[in-house]
Amino acid sequence: MTDATSGDGTRSGSTAQPVGGAKGPDELRQQIEQTRSQLGDTVEELAGKADVKGRAKARAADLRDKAGAMTVQLRSSAAQAGHAVQDRTSRAGHAVQDKASQAGHTVQSKASQAGHTVQDKAGRAGHREADGYGVERGGPGRARGAVRAGLAHPRAVLVAGAAVGVVVAAGVMRRRHHPC
């Protein structure tokens, strides 16, 4: 194999070594060893480039590592999104629960008011009946029995009044939410 020399007396394609011979056997051995080392590096480099299977395995390992890192990152992002959704639904659930509780208290209050009103009216009617007001005025005979029963069982009248109040309140609430 022949080496081309450049104008300054060095071989092209190699480190700057003079073309001339070695000055002694030790220098010659050193040049030979250096040339062998360079040749070994060049051969390793060429073998690495020619080793397609090895390069493919290394590339596959790199891609697996990247995919694993991306998987961890995606799982973390999904967990964060899940927690955010859970927090929002929890807040929305509490808001709905609060509104339902308020509506329940409103209905209960209105039912109680209606029950008291019915009880009050029944009591007044019963007192009038007991005082003979209905008899003197010729009140209906059918109402007389109901009024006496109401006076005898005021709790039942209160419960019936509350039930009527709940029905009325439910109708009012339905009309407020569905103005059809």
Side-chain angles (χ1 to χ4, degrees), residues 41-180:
D41 290 345
T42 304
V43 168
E44 280 183 36
E45 197 176 306
L46 289 172
K49 288 183 180 178
D51 186 17
V52 175
K53 188 175 182 181
R55 286 189 353 215
K57 284 182 180 180
R59 177 79 173 138
D62 287 344
L63 291 175
R64 265 193 304 272
D65 290 344
K66 285 181 183 178
M70 288 179 77
T71 300
V72 168
Q73 187 178 8
L74 287 173
R75 284 183 181 163
S76 175
S77 297
Q80 287 175 349
H83 290 302
V85 167
Q86 190 176 21
D87 288 343
R88 284 189 211 128
T89 54
S90 176
R91 277 188 245 127
H94 287 299
V96 167
Q97 190 176 18
D98 288 345
K99 288 191 179 203
S101 177
Q102 289 173 355
H105 288 303
T106 302
V107 167
Q108 187 178 16
S109 173
K110 291 190 184 228
S112 176
Q113 288 173 355
H116 286 299
T117 303
V118 168
Q119 185 181 18
D120 208 27
K121 288 183 180 181
R124 275 189 256 136
H127 287 297
R128 276 186 270 164
E129 184 67 29
D131 291 342
Y133 181 74
V135 174
E136 291 174 8
R137 301 267 177 160
R142 286 183 264 168
R144 205 172 294 140
V147 171
R148 283 189 183 137
L151 287 173
H153 306 286
R155 243 186 217 164
V157 172
L158 179 62
V159 170
V164 168
V166 167
V167 171
V168 169
V172 168
M173 294 297 285
R174 186 179 305 155
R175 288 187 187 201
R176 283 187 186 170
H177 291 290
H178 299 291
C180 297

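Note that these values count all heavy atoms, side chains included, but never hydrogens, waters or copies made by symmetry.
Using a distance-only test at 3.5 Å, with no hydrogens or angles considered, a donor-acceptor pair links the side chain of Thr71 to the main chain of Ala67. Checking side-chain atoms of Thr106 against main-chain N and O of Gln102 turns up a donor-acceptor pair under 3.5 Å. Looking only at distances, a side-chain donor or acceptor of Ser77 sits under 3.5 Å from a matching main-chain atom of Gln73. Without hydrogens or angle criteria, Ser90 side chain to Gln86 main chain gives no donor-acceptor distance under 3.5 Å.
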side-chain contact (heavy atoms from CB on, under 4.5 Å) evaluation trace for His105 with Ser109: CA-CA 6 Å; His105 288 303; Ser109 173; over 6 Å; no

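Evaluation of the side chain to side chain contact (heavy atoms under 4.5 Å, CB included) rule for Arg64 yields Ala60, Ala61 as partners, not counting sequence neighbours.
With rounding to the nearest 0.5 angstrom, the CE atom of Met70 is 13.0 Å from the CG atom of Asp65.
Here the shortest heavy-atom pairing between Lys49 and Arg55 reads O-NH1, 2.6 Å.
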